[in-house]
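Naming: A, B, ... by sequence-line order, numbering from 1 per chain. Side-chain atoms are counted along with the backbone in the values below, which use heavy atoms only and exclude waters and symmetry mates.
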Amino acid sequence: MNFALSDDHRMLRDSARAFLDEEVNLQPLLKRGATVEQVDYLGMWGKIAELGWPSLIVPEAYQGLGMSCLDLAMILQEMGRALLPCPISGALAGVWSILKGGSEAQKERLLPMAVTGDLKLALAVCDADGTCDGPASDARATADGDDWRLNGSKAFVVDAAAADMIVVAAENGGRRGLYLVDATAAGVEIELLRWRDTTRQLCNVRFANASAELIAADDAEIWPWIKDRLLLVLSAENAGGLQKVLEMSTEYAKQRMAFGRPIGANQAIKHGLAETFGLVECSNAAVLYAAWMLSEAQPSASLAATMAKAYTSDAYRKATHQNIQVFGAIGFTWEMTNHLYFKRARANAEMLGGTAELRSHVIDLLMREAA
Amino acid sequence: MDFDLPKDDDPRRLDVRAWFERHPNPTGRELFAAGYVVPHWPRPWGLDADTELQLIIDDEIKRAGLPAPSSVNPVAINNCAQSLLTHGTPEQQARFLPPALSYEEGWCMLFSEPSGGSDLGGLRTSAQREGDHYVVRGQKIWTSNAHTSKIGVLVARTDPTASKHAGLSQFLIDMDAPGVTVRPIQDMTGAAHEYNEVFLDDVRVPADRLLGKEGEGWRLSNLQLQTERAALSKPGAVWGQGPSARDLVKALIQTGHIDDPGVRDEAAQLYIEGELLRLLAYRALTDRMNATPSGPEAAVRKMLAAPHGQRLLDLAKRVQGQGGLVEGEEIFPLPNESRHLFDNWDYAFWFSPAVTLGVGTQEILKNVLGERLLGLPRDVDPTAKGPWIDTQRPELKPAN
């Protein structure tokens, strides 16, 4: 038992932070109408591929680094802190889908390309009503000889526009399965959403008899495994961003003068920031615990990931709003980064289930344990 | 990073369990001799225990149906006795530690005064050196266990001409000495003696009862409050001694209240928070094991744990409806475990307003945190500089 970060983990985190401090510049986004294209969304992918980030979670058998969720969490927190605009979230989701659902041959063919960055993946799992757990799906798969055809649509797909291939959760005969489509194939139409969080690309994807490859005919055992990891990704981003907005607020409160003294001398502000410090401590604990549980394949890993996403989402929302309040009216303008964090927090909180839904699931899990 | 807790068949656990099987009803002296009262202390007092062994011993004490040592003689074990290791003379260690750690002499803290608890540094009780004695005059308040304690840890002003914090010193006084009068305070739960007033009228304290040096009282008191905050930030309500969020969720499932969507959502929030507080408490233990100094972080945990406990008791009370307002009726289930005073939801609830007041009000903790951990500008204390005695002259008293 040791609840402190190892030196290796600290090094991983510090080197990621140093890289992102150097490379990420959100300035071009601070103009109305700017998109991730203006902050080198795809160029950044090449840079992180060089660092090997897409290969972290891929086992060594497929030329990856074979690192754990705990290792990954170190980097995810830093990505959240920097609001890194880069299609890594979609890529991770796609890799996990292949890893858990794919055949040996598919893993051997696809994962080494994902490792080098030559293959960008995405996962289309949500439907238009925001649900993502199946077995129903707005997309349907039908057999076409040895091939498969997809029809229908998926919604809120992270990084679909940047992806070379998309893993699609589609329904066939009452079961939901995972299918792989070429993003540029005939019958695949990708529409960019005017997503409020402009540091990320979300899309709707429509299928009109699009040719697809079967990954797994039934994702009932596969999706929960993937989902827990995606909850960790969002939680880690939340915790990293939360830490950053507390630093921003604190720094500003020390420098901004009013009535002859820094505004941070006022207890109304000081106490609010002290409370946020508490949220940061708890969020970090939640993320590390969930990451460790997933790394060790502990039976309560799902509970830990669900708790982490629910807790950090609320905390991040609260802190990003406070961050605007501390800055005053300037924090309400498009030219400041405050709103980027605020919007990321709001978006992350709704993805893969809002906090009320996740908390209800926590109770379900506890009742199942108690029974 | 490794969150695995010591397993049930851990050989060290089996050793401890075997000891409790051989000693089903151990006396305090036996527990102390085995090193189980303060396992994390150095020998001969403790076992130099690492975090895992501490957790094992905590678990096994609970399993044996015995109260946690920290709840039997809390002031000695949680706060003050440790100061004797660093600041006590060998004679003081030999005189005070064995009876304190064997539960034979209870301790209490004579810190707060009627004129102010948060502004502890401004206290007025004086200790004047007269030959080989100090003569103590003043009044203390909010003293837990004063009536059952043999020893009082007193902070008093030995030098009124020094600045408010520099003029304080600490003493170990006999609570049965002439001039010490204890009067119970009836608190809002209806209990008397949970807190007391203590009057000190010309109490003669031998000079060898001074702890550390004159003028070290402020520093010692702060260290003791920090260790107390660390000890009191366990995940259960009421300073970690009452029911926890795990107990709450169990009870809500058992009674069916969990089916109410509002209750369900609140219960989940509390459960999550409780688990995170548990992790923070373990991390604090790890920090101690890794020799990371304990600092104002304890204030963070207490800032979180105190209102968390209040909220969970509040929900437990609300689901009982009008039935929860009838004194003496406990209608909410609680696992049968030794929880000292707080082994029922009802008393814990009515007591709960105290937890954001005691050992640093919530507001003071947030100041400490904002100033010492975030580096925000300090609040100005116009009485902090210059001789303390000058701040007592009415014309110089700062406006409230």
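- Taking 4.5 Å as the limit, every side-chain heavy atom of A:W53 sits out of range of all side-chain heavy atoms of A:L72.
- Of the two parts of A:A310, only the side chain, counted from C-beta on, holds a non-hydrogen atom closer than 4.5 Å to a non-hydrogen atom of chain B.
- A 4.5 Å side-chain heavy-atom check between B:Q362 and A:H271 finds every atom pair outside the cut-off.
- When heavy atoms are compared at a cutoff of 4.5 Å, A:I269 does not approach chain B at all.
- Chosen from A:S360, A:A285, A:P262, A:A286, the residue pairing most often with chain B at heavy-atom distances under 4.5 Å is A:S360.
- In this structure, chain A has heavy atoms under 4.5 Å from both the backbone and the side chain of B:L279.
- Both the backbone and the side chain of A:L273 have a heavy atom closer than 4.5 Å to some heavy atom of chain B.
- Listed by chain and number, the residues in a ring pair (Phe, Tyr, Trp, His ring centres under 6.0 Å) with B:F332 are B:W345 (sequence neighbours excluded).
- For chain B, the nearby parts of A:E281 are the backbone and the side chain; heavy atoms of each come within less than 4.5 Å.
- Counted within 6.0 Å of CD on A:E247, heavy atoms from surrounding residues, nucleotides or ligands total more than 12; the atom is thus considered enclosed.
- Of the atoms belonging to A:E275, heavy atoms from both backbone and side chain fall under 4.5 Å from chain B.
- Comparing A:L288, A:L246, A:T355, A:L5 by how many heavy-atom pairs each has under 4.5 Å with chain B, the most go to A:L288.
- By the 4.5 Å heavy-atom criterion applied to side chains, B:P39 and B:L53 are not counted as neighbours.
- A:S6 places none of its side-chain heavy atoms less than 4.5 Å from the side chain of A:R10.
- Residues of residues 362-371 of chain A that come within less than 4.5 angstrom of chain B, heavy atom to heavy atom, are A:V362, A:I363, A:D364, A:L366, A:M367 in numerical order.
- For chain A, the option among B:D265, B:L304, B:V380, B:L252 with the highest count of heavy-atom pairs below 4.5 Å is B:D265.
- Side chain to side chain, B:D50 and B:H40 fail the donor-acceptor criterion of an N or O pair below 3.5 Å.
- Side-chain contact check for A:R229 versus A:C69: some heavy-atom pair is nearer than 4.5 Å.
- Counting heavy atoms from C-beta outward, A:E237 and A:R344 have side chains that approach closer than 4.5 Å.
- The closest side-chain heavy-atom distance from A:L352 to A:L231 is below 4.5 Å.
- For the set B:I258, B:L280, B:L276, the entry with the most heavy-atom pairs within less than 4.5 Å of chain A is B:L276.
- Summarising the local packing, CZ of B:R378 is surrounded by 12 or fewer heavy atoms from other residues, nucleotides or ligands at distances under 6.0 Å.
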